[in-house]
Protein chains: 2
Amino acid sequence: MSSHGTFTVLMKLNPIPFNQVTIDDPFWSPKIEVNRTATIAAQHKYLQDTGRINNFLKAGGKMDGAFEGLRFNDSDVYKWLEAASYVLAATPDTELEREVVQVIEAVRVAQQADGYINTCYTLKEPQAKWKNLGMNHEMYCAGHLFEAAAAHYQATGKTSLLDIAKRFADHIDSIFGPGKRLGYCGHEEIELALVKLADVTGDPKYRALAKFFVDARGSRPSPFELEMHQDYKPTNLVDNERMLMKGDAYGGEYVQDHLPVREQSEVVGHAVRAMYLFSAVADLARDDETLIRALDNLWENLTLKRMYVTGGIGPSASNEGFTKDYDLPNDTAYAETCAAIGLVFWSHRMAMLHGDAKYADVMEQALYNGVISGVSQDGQRFFYVNPLDSDGSHHRQGWFLCACCPPNIARLLASLGGYVYARGGSDSGSDGTEPSRAEPFRAEPSRAEPSRAEPSVFVNLYISGTCRTKVGQKEIWITQKTDYPWSGEVELLVHPETAADFALCLRFPGWCGMAELFVNDERTTPQQENGYFILRRTWQPGDKVKLQMQMEPRLVAAHPSVKADVGRIAVCRGPLVYCLEQMDQKAPLPYVSLPVGSEMVAGTMPNVLGGIVVIRAEGQAIPQDEWKDCLYRPGPLKTKPTQLNFISYYIWDNREPGAMAVWIPVAASQG
Amino acid sequence: MSSHGTFTVLMKLNPIPFNQVTIDDPFWSPKIEVNRTATIAAQHKYLQDTGRINNFLKAGGKMDGAFEGLRFNDSDVYKWLEAASYVLAATPDTELEREVVQVIEAVRVAQQADGYINTCYTLKEPQAKWKNLGMNHEMYCAGHLFEAAAAHYQATGKTSLLDIAKRFADHIDSIFGPGKRLGYCGHEEIELALVKLADVTGDPKYRALAKFFVDARGSRPSPFELEMHQDYKPTNLVDNERMLMKGDAYGGEYVQDHLPVREQSEVVGHAVRAMYLFSAVADLARDDETLIRALDNLWENLTLKRMYVTGGIGPSASNEGFTKDYDLPNDTAYAETCAAIGLVFWSHRMAMLHGDAKYADVMEQALYNGVISGVSQDGQRFFYVNPLDSDGSHHRQGWFLCACCPPNIARLLASLGGYVYARGGSDSGSDGTEPSRAEPFRAEPSRAEPSRAEPSVFVNLYISGTCRTKVGQKEIWITQKTDYPWSGEVELLVHPETAADFALCLRFPGWCGMAELFVNDERTTPQQENGYFILRRTWQPGDKVKLQMQMEPRLVAAHPSVKADVGRIAVCRGPLVYCLEQMDQKAPLPYVSLPVGSEMVAGTMPNVLGGIVVIRAEGQAIPQDEWKDCLYRPGPLKTKPTQLNFISYYIWDNREPGAMAVWIPVAASQG
């Protein structure tokens with residue numbers, strides 16, 4: 001095993017990577033297949049048609065013409081390459097493989113002699129390189145190249161893209177770093193990407209550079225402020241001033257440059273930037289107490305005060321980001337798809353860092369609601385913005401001028417297997433099944449909590465399929481079979497090559513009030529630790545575990561300080577948040593309410609969204625005609641019974657256009 | 001009587017002007033006295049200290065130095081002159097009279113040879129005169145001069161300011177009008193001011209110019225759009241583009257220039273501008289069916305879809321104005337004090353135009369809530385913005401860089417008498433008591449509804465004091481005595497010089513469920529018409545009328561489409577909206593709710609805000625500790641009883657700083 005420099009590992013869990021997990025799941029497999037056949041194919045066409053791939057050919061002198069599109073469009077190409085690589089790891093696809101090779105070749109020719117790649121700068125403004133780190137996404141694009149390269153190498157074992165990435169990373173490392181230039185990117189991304197590059201190459205300098213970028217952030221004077229005063233004014237420099245000032249002084253909140261990262265305790269600014277930064281910080285936080293403390297404070301602020309029930313984050317369109325505690329409006333919620341994806345990244349890393357199920361709970365919450373709401377059932381239309389309430393005017397689109405979300409969701413779906421399982425214990429850093437390219441993280445035994453030093457396999461998500469890993473020298477297969485999230489019943493088949501001692505740790509989801517566990521059909525009451533059921537035993541090939549989680553429709557209330565949700569309630573079931581879509585109701589949405597104590601019944605309705613589990617409840621509706629001619633009238637409102645039919649939030653806007661609401665008024669009428 | 005040109009009068013009522021009404025009222029007189037002694041005095045000092053008066057001296061060559069402040073600051077001086085004039089009509093005040101004379105003299109010296117006055121243009125940018133009508137408030141300032149002049153003349157009989165105003169109006173009339181230049185002001189004001197000038201001078205050309213400005217509005221290409229393309233670019237022209245565009249095309253909504261006025265049906269843009277425009281339109285709408293129809297549509301849109309329960313209007317800070325139907329957020333409500341004052345102006349004119357109490361209801365609603373909330377009890381601090389919900393950070397200020405609101409409230413309080421009474425019937429245009437300077441409006445007999453042709457006196461507001469008017473040739477005094485709005489009991493003493501036939505029409509407020517009437521202590525059931533109790537009789541000197549309006553605390557609900565108020569209720573009593581201030585409650589405001597059917601008791605609490613009527617109710621509170629560590633949890637919320645103490649909205653933020661809420665969650669817990 002290669003060395004990882006001087007850091008030691010406090011991280012308790014290590015993910016079992018995507019290429020050791022197969023998914024064969026009634027809920028996810030159709031989405032993953034649509035992602036492969038429709039989304040990724042369509043996106044390749046968009047990348048071609050919008051000139052995004054041609055920009056590389058032009059920068060490489062293989063095609064005439066000017067740069068087309070927005071200056072960070074290279075990143076869409078890289079994200080597509082990353083998504084396509086994950087697909088190739090799971091499913092042979094000659095046509096896709098050919099496209100990947102072609103796109104990598106385009107990237108290759110665009111790389112300059114010194115390793116630099118950014119088609120916008122090369123074609124449009126070469127003299128402005130590294131002169132507007134604040135707003136011009138130069139290192140952000142580099143980061144997406146590095147992520148794509150790591151994925152491509154892990155998925156295929158080929159180094160064609162990795163070699164390009166290393167050359168560019170070495171070039172950046174020659175400019176920035178301790179004793180070199182103090183600078184970092186306004187849009188974080190390169191930090192977490194450099195960690196991945198360090199992991200797949202085994203070269204610690206990339207991790208050191210990531211750490212430099214994280215620790216330099218919040219310098220005063222800020223490099224972004226200095227950029228405003230430099231002689232050469234590159235394009236978009238005016239954006240620095242617009243976004244980074246706070247009154248007359250430099251602020252930096254938008255780009256999380258308001259304070260050194262170690263001193264940050266509130267999630268501020270652009271939500272995607274924040275998530276990517278915190279993900280990198282979690283990667284780097286092993287044995288680093290002040291980083292861990294900052295992460296814990298930021299996590300608490302986000303999840304206790306600034307997160308939608310859908311796992312959506314960043315309520316405001318004006319900064320695509322955070323505002324203030326408890327400011328979570330529903331109809332104007334920005335809740336960018338990429339930000340929810342970023343929360344999956346961060347919460348996954350927090351789950352690994354702390355080995356606590358509460359982080360995987362949030363990962364699940366975002367994944368099953370605010371992330372997959374971002375893509376239509378046919379995989380061809382996308383939400384950039386994910387409101388929790390709509391008057392019927394909000395719809396998915398095929399593509400965006402700023403097209404960060406579509407390829408982001410594509411790469412997450414294609415790599416979903418990597419989020420399901422983790423390993424703990426003294427040998428969890430690598431299971432040795434496939435050397436360096438198999439393991440984005442490595443760990444040494446946890447010293448802080450010795451109980452976790454025992455070999456263990458963690459199940460963080462309930463998704464049918466199989467993972468292959470090692471405990472000690474023994475290969476182990478774990479197969480899940482479940483109809484989750486529609487059912488709370490999960491069967492696991494544990495299959496070590498020969499009898500093996502380890503702990504199987506099953507997440508007991510925060511949403512679940514009661515669960516039962518059976519080992520080989522015998523009911524068992526296992527130990528609970530940090531939100532996991534811990535099944536310690538000598539596992540025999542073919543051992544069966546059954547987890548039965550009670551999954552009834554339930555009402556969820558928001559903190560009283562969330563003004564938008566006062567007097568309202570959300571209906572949930574399992575990990576899924578539900579909503580009302582107008583077409584399923586008799587009464588107009590603004591007029592309906594749900595009485596306290598109303599019975600809620602889960603079931604399916606033929607022809608409704610492929611037979612998903614819907615929830616039916618006896619609601620109340622205010623008679624419309626009483627409000628024809630007035631804006632205010634004596635209260636409280638009179639209501640009449642009406643049936644309400646809830647569908648899962650993630651699947652709304654897949655039928656005819658209409659109003660939608662997650663937070664339903666609680667009926668308080670005299671009926 | 002002077003002629004008023006070609007128009008005939010459809011207006012059913014005519015106000016009895018401020019100088020025929022005295023106020024001696026337990027609710028209003030202290031406010032009016034504080035307004036005179038504190039507010040108007042302090043404002044004179046601000047006008048001096050901030051250079052607003054000096055700007056006139058500088059423009060007149062009587063002082064050296066550059067223009068100071070914002071370009072529309074002249075208007076603050078004019079509004080103060082108007083307010084001071086009203087005061088002088090009611091209360092001899094030598095010191096104030098001396099200040100008024102001095103300020104008028106400053107205005108006089110600033111007037112240029114051709115009649116032009118605007119100190120900003122004269123001092124800063126004389127070449128830019130009339131070149132940025134869209135954003136530079138040139139005619140807006142002129143309008144406030146004309147209003148001040150009309151008030152000063154009506155109050156004092158002196159023509160010193162009126163002569164200045166006429167010269168400037170004549171100058172404007174020489175430039176703009178039919179066959180002259182097509183142009184109008186981006187901030188409406190001059191239109192209603194020209195009507196007042198026409199009324200006090202008897203010169204119809206001013207009314208014709210007002211009508212020209214109203215009818216030219218909405219021209220295409222818009223003069224404001226053309227300004228963006230002119231060669232000379234005056235200051236602030238960039239604001240035209242910022243505020244007036246709609247995407248890539250000219251829009252004009254911000255300044256109500258999106259459509260010809262006669263075609264407008266939605267209240268859009270800057271709220272104060274809209275109110276001043278519609279006030280002028282109401283002045284000009286007599287016998288003009290398309291203008292009346294437009295006003296009726298606009299009124300309906302405003303009062304059924306875009307008005308706060310406090311009479312506040314214009315929810316959005318970004319345009320200081322309107323957004324879309326039912327968009328009435330409470331904590332971010334802009335609801336500028338000037339906009340509520342503008343609504344008083346417009347609703348008063350609509351009441352006169354239609355003779356329907358529903359317009360006076362809205363006038364009262366705005367006056368008793370969203371207008372007088374604008375000034376502190378000591379008359380020295382002002383709200384520019386009037387939210388219906390505050391976390392405790394919103395407070396009144398002594399003055400503003402843009403100081404439109406403080407003198408606006410000062411002039412309204414000082415002229416309040418003019419809104420209380422009106423006359424209807426064939427001779428209502430003038431009662432002959434004081435010729436032209438007594439009557440801002442004149443009317444001929446209504447032809448549309450002959451029933452109103454009978455002589456009548458209308459009481460639109462219940463305020464103790466006396467009005468003096470004429471029916472036929474007979475002088476009549478009407479004296480009110482009431483503790484309104486704290487009590488619903490009003491005594492009226494009717495005192496014609498000799499027995500007189502006329503109808504006394506008392507507004508039956510929309511908020512009131514039941515009222516009883518007594519004439520000379522005998523209960524009577526009078527006819528009701530258009531929201532008025534009509535008492536027709538031969539009135540003898542000393543006849544007594546008693547009106548007893550039931551005034552219980554009541555709950556008010558908002559239209560279900562007002563998302564901010566869903567599941568919430570407001571407590572009202574009489575014309576007053578009530579609110580919770582944190583200091584009067586045991587539980588933190590975000591945690592409290594009011595159960596359906598909770599008993600509400602009106603009473604006084606010693607030492608609370610001078611003994612105003614407070615409302616006490618048995619409420620519920622969510623235990624705070626249940627929400628310490630979570631953002632979402634199983635609902636519905638559990639609550640415990642807590643006493644709630646409501647105060648009148650208008651008087652909040654007069655004690656220690658703290659949170660405030662008008663719309664209270666309806667308890668829907670299982671307690």
Side-chain angles (χ1 to χ4, degrees), chain A residues 300 302-309 324 326-331 365 389 391 511 513 554-570 572 588-597 621-622 624 627-637 663 665-670, chain B residues 300 302-309 324 326-331 365 389 391 511 513 554-570 572 588-597 621-622 624 627-637 663 665-670:
Chain A
E300 191 163 300
L302 178 71
T303 57
L304 293 186
K305 294 176 179 168
R306 302 190 177 195
M307 182 178 74
Y308 288 99
V309 70
K324 57 181 184 175
Y326 304 116
D327 179 32
L328 295 165
N330 292 311
D331 50 351
Q365 188 177 3
D389 188 293
D391 61 6
W511 57 257
R554 64 188 194 280
L555 297 178
V556 169
H559 192 287
S561 297
V562 181
K563 284 194 200 299
D565 301 339
V566 167
R568 294 175 182 265
I569 209 124
C572 298
L589 232 46
Y591 293 80
V592 307
S593 56
L594 188 60
V596 172
I622 299 159
Q624 254 184 297
W627 283 94
K628 263 184 193 156
D629 300 316
C630 55
L631 180 53
Y632 303 102
R633 49 172 293 171
L637 308 181
W663 289 98
V666 179
S669 71
Q670 293 167 313
Chain B
E300 190 163 303
L302 178 70
T303 57
L304 293 186
K305 294 176 180 168
R306 303 190 176 194
M307 183 178 75
Y308 287 99
V309 70
K324 57 181 183 176
Y326 304 116
D327 179 32
L328 296 165
N330 293 311
D331 50 352
Q365 187 178 2
D389 188 291
D391 60 7
W511 57 258
R554 66 188 192 282
L555 297 178
V556 169
H559 193 285
S561 296
V562 181
K563 285 194 200 299
D565 301 340
V566 167
R568 294 174 181 265
I569 210 123
C572 298
L589 230 47
Y591 293 79
V592 307
S593 56
L594 188 61
V596 172
I622 299 159
Q624 253 183 299
W627 283 94
K628 262 184 192 157
D629 300 315
C630 55
L631 180 55
Y632 303 103
R633 48 172 293 171
L637 307 182
W663 289 97
V666 180
S669 72
Q670 293 166 310

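All values below were derived from every heavy atom in this structure, side-chain atoms included, with hydrogens, water molecules and symmetry-related copies excluded. The sequence lines fix the lettering, A, B, ..., with proteins before strands; numbering per chain opens at 1.
For B:L589, no part lies under 4.5 angstrom from a heavy atom of chain A. With a 4.5 Å cut-off on non-hydrogen atoms, A:I569 touches chain B through its side chain but not through its backbone. Within the 4.5 angstrom heavy-atom criterion, no atom of A:N330 approaches chain B. Only the side chain of A:R568 comes within less than 4.5 Å of a heavy atom in chain B; its backbone stays farther off. The part of A:V562 that comes within reach of chain B is its side chain, from C-beta onward, which places non-hydrogen atoms under 4.5 angstrom from that chain.
When each of B:L631, B:I622, B:L637 is tested with A:H559 by the rule side chain to side chain contact (heavy atoms under 4.5 Å, CB included), just one qualifies, namely B:L631.
Contacts with chain A were tallied for B:P590, B:C630, B:G635; B:G635 has the most, counting heavy-atom pairs under 4.5 Å. When A:A557, A:A564, A:G567, A:P329 are compared by the number of non-hydrogen pairs under 4.5 Å with chain B, A:A557 comes out ahead. When each of B:T303, B:V566, B:L328, B:D391 is scored by its heavy-atom pairs under 4.5 Å with chain A, the top score falls to B:V566.
Electrostatic pairing of A:D331 and B:K563 does not count as a salt bridge here, judged by no charged N lying under 4.0 Å from a carboxylate O.
By the 30° and 60° cut-offs, the orientation of the rings of A:W663 relative to B:Y632 is parallel.
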